[in-house]
Amino acid sequence: MSWSGFIVITLLKAAAVLAGMLSLAAAAIYWERRICAFIQGRVGPNRAGPFGLLQPMADAVKTLLKEDYAPGRVRKFYFSLAPAVAMFPGLAILAVIPFGSNLNGCPMVVADLNIGLLYALAVNSVGVYGIVLAGYASNSKYPFMGGIRSSAQIISYEVTMGLSVVPLLLLAGSLNLGRIVECQSGGLFHWMIFRQPLAFALFVIASFAETNRLPFDLPEAEQELVGGYNVEYGSMRFAMFFLGEYANMIAAAAMIVTLFLGGWTLPWFGLDQQAATFWTGALHIAIFLAKVKLVVLGFIWTRWMWPRFRYDQLMSLGWRKLLPLALANMVLTAFVLWARA
Amino acid sequence: MSLQDWLFWLFALQAVFCALMVVANPFSRNPLASALFLILCILALAGLYVLLEAFFLAAVQVLVYAGAVIVLFLFVIMALGLQVEERQRFRKPVLIGGIAACATIGAILAATLATGIPKNVSGTSMEGSAEALGRLLFTKYVLPFEIMSALLLAAIVGVVLFGKKEKR
């Protein structure tokens, strides 16, 4: 393929992925409000459009039209920079996620990196700056507490997250996410969730902590910090934090699906092989999206069923329990592989 | 010039400019601005690694430095408060230390350049996969690697000792 053709196709794929991600984020916000309402025995937003389906659009219009207001004593530059930084990782991770096999022979991943997994971890680790900067720039105490909490929390759980995927790499023998999906084909019990259940549990817990979702949403903690890092924000800047949170959640769900739940494959009807026709390719993308939506549903459900951790409990869980478990799992997997070889 | 050349100059200029802004920012003496420029500098270096086809090194550079080390810097900057540093002027011991460090690094750089840049370096040994790098680390460079791990272990033990509350 020529350079210009490559660039055009990559741009097209990137645009499609971004559009899909943003509409999925809007949908996730709607689900969050509806599911939360159902769990609490309420109705939830049901006025805008049928079943309240137009609620995300109404929200978007509202936040766009509101006055772009910044309180007097904030550090202006960092205050505007923070929401943009918060949006970045959720969108950038999608570049390496294989969201389908191929359409007419064109591989359905924006960038097929050989170190895709490391790239995802690296981009994810940069995500903390949005919240930390917001906390610093707001120049007031609750956001500051939120920012401090967030930086410590995300660094702690990043270690667990990084170590929990090492057994997967040992099994797959590659850092390429496409290769990791391929090695999960050939039967339901080839999925990493069944071969590495402990790694799955650790990765999911770490994902919750990295995306600031309950039970680990200490940087926002409405009851103690009245919203934490986003207290001083309003209108579109607040909406960007909000959207960023859901984008991060969807990116985390996509990572979980790719690493543990077989990516775009299904173990039946030969759907775990590269697509031969256009329609099978489209079906693979649909399967991937359905899996991501199920995981996002799990994220939302968890949020409304669990109380929040205390900060010392969070740190103790991360460093004293999850980290040793991740290390033990890594050594055990390496030992078993060595004994078998 | 090819696309790679353009990208090289872009990343190289970004790295040098941001490195200058870390230590000599004319607009702000805020340590936070320095830390953020350091992140941009690290990202530029990661870009240069990618151009050298050392993808693994690039990802680890971002993961470790931008993702963890600078977050800790920010943590410390935010927790200490900024007023003192913002007003601080140059002090003699700091200046002498800085000059000594610069001289050492300059000497190492000069010595390296004097030994000559190897011709036709092939990037194939590190291309893409992390396997080649791992192999090198555990065979040819195993001694420096193990010395580094011993150093890190000593640092961890030291931190635990500092962090422990004294028993009364």
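So that the names make sense, note that chain A is the first sequence line, chain B the second, and so on, each numbered from 1.
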**Item:** Proximity breakdown for B/Leu36 and chain A, heavy-atom pairs closer than 4.5 Å
**Value:**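 The answer is the side chain of B/Leu36.
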
**Request:** With a 4.5 angstrom heavy-atom cut-off, could you sort out which part of B/Ala58 is near chain A: side chain, backbone, both or neither?
**Result:**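 For B/Ala58, no heavy atom lies under 4.5 Å from chain A.
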
**Prompt:** Looking at A/Tyr136, does the NZ or CZ of A/Arg75 lie under 6.0 angstrom from its six-membered ring centre and within 45 degrees of the ring axis?
**Reply:**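 Satisfied, under 6.0 Å and within 45°.
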
**Asked** With a cut-off of 6.0 Å (strictly less than), are more than 12 heavy atoms of other residues, nucleotides or ligands near NZ of A/Lys321?
**Response**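 Count over threshold, so yes.
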
**Asked** Which one of B/Val62, B/Val71, B/Leu74 has the most heavy-atom pairs closer than 4.5 Å to chain A?
**Response**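 Heavy-atom pairs under 4.5 Å are most numerous for B/Val71.
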
At a heavy-atom separation under 4.5 Å, does [X] approach chain B through its side chain, its backbone, both, or neither?
| X | answer |
| --- | --- |
| A/Leu133 | side chain |
| A/Tyr78 | side chain |
| A/Ile155 | side chain |

**Prompt:** With a 6.0 Å cut-off on ring centres, are A/Tyr233 and A/Phe79 close enough?
**Reply:**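 Here the rings of A/Phe79 and A/Tyr233 have centres that are less than 6.0 Å from each other.
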
**Request:** Go through the steps to decide whether A/Val123 and A/Phe88 satisfy the test side-chain contact (heavy atoms from CB on, under 4.5 Å), and finish with yes or no.
**Result:** CA-CA 9 Å; A/Val123 169; A/Phe88 164 74; 4.2 Å; yes

**Request:** For each of A/Val132, A/Leu81, A/Val128, tally heavy-atom pairs with chain B at distances under 4.5 Å, and name the one with the top tally.
**Result:**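 Top count of heavy-atom pairs under 4.5 Å with chain B: A/Val132.
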
**Message:** Does A/Thr258 form a side-chain contact (heavy atoms from CB on, under 4.5 Å) with A/Ile180? I'd like the steps, not just the answer.
**Reply:** CA-CA 8 Å; A/Thr258 306; A/Ile180 292 176; 5.8 Å; no

Side-chain donor-acceptor distances from residues 170-177 of chain A under 3.5 Å, at least two apart:
from, atom 1, to, atom 2, distance (Å)
A/Ser174, OG, A/Asn176, N, 2.9
A/Asn176, OD1, A/Gly178, N, 2.7
A/Asn176, ND2, A/Asp112, OD1, 3.3
A/Asn176, ND2, A/Leu113, O, 3.4
A/Asn176, ND2, A/Asn114, OD1, 3.4

